[in-house]
Amino acid sequence: MPDMSASASLAMTQLATLAKEVDEDKVTPGVLGFIVFAVMALAVWALMKSMNRHMSRVDFMEPPAPKTEGSTEGSTEDAAEATGPVKPRQG
């Protein structure tokens, strides 16, 4: 089995010479960075548009709870049991 420290030191010396050639003041994300950012921005825009479309289909209006003889006016548990689950609007 080869000595791993020798190959690691060889790799580090080659990477160190590449790092010295790059000017630290002129490093930019480049074209690949722009493409990744643009794809992410388009994905967020598409998700927001889809969310707005789905949220506009939701009907938030609940029918008023029918009053029963044994219920108190301030009880929300009785009102939730009386109305049942809210069904989404079809269409």
Side-chain angles (χ1 to χ4, degrees):
M1 191 163 180
D3 185 26
M4 295 303 279
S5 62
S7 61
S9 64
L10 178 63
M12 288 303 293
T13 56
Q14 290 177 352
L15 290 175
T17 58
L18 290 176
K20 290 178 183 176
E21 294 174 8
V22 177
D23 186 12
E24 293 178 4
D25 295 331
K26 295 182 182 179
V27 175
T28 62
V31 176
L32 180 63
F34 174 75
I35 290 171
V36 169
F37 181 77
V39 167
M40 288 174 49
L42 286 172
V44 169
W45 177 78
L47 286 171
M48 293 293 291
K49 188 173 180 177
S50 175
M51 184 191 67
N52 283 334
R53 190 178 329 124
H54 282 83
M55 292 298 285
S56 67
R57 294 179 184 170
V58 175
D59 186 15
F60 290 106
M61 301 298 290
E62 292 186 19
K67 292 190 176 192
T68 59
E69 293 178 19
S71 67
T72 60
E73 289 185 28
S75 176
T76 57
E77 293 175 1
D78 293 335
E81 290 175 4
T83 59
V86 178
K87 297 178 183 173
R89 180 176 51 177
Q90 298 293 327

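All heavy atoms count here, side chains included; hydrogens, waters and symmetry mates do not.
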**Asked** Are V44 and I35 co-members of a hydrophobic cluster defined by side-chain heavy atoms under 4.5 Å apart?
**Response** no
**Request:** Using side chain to side chain contact (heavy atoms under 4.5 Å, CB included) as the criterion, list what pairs up with K49, not counting sequence neighbours.
**Result:** W45, R53
**Item:** Rounded distance [0.5 Å steps], CG in N52 versus CG in L47
**Value:** 11.0 Å
**Message:** Clusters formed by hydrophobic residues whose side-chain heavy atoms approach within less than 4.5 Å: which one holds M40, and what are its other members?
**Reply:** L32, V36
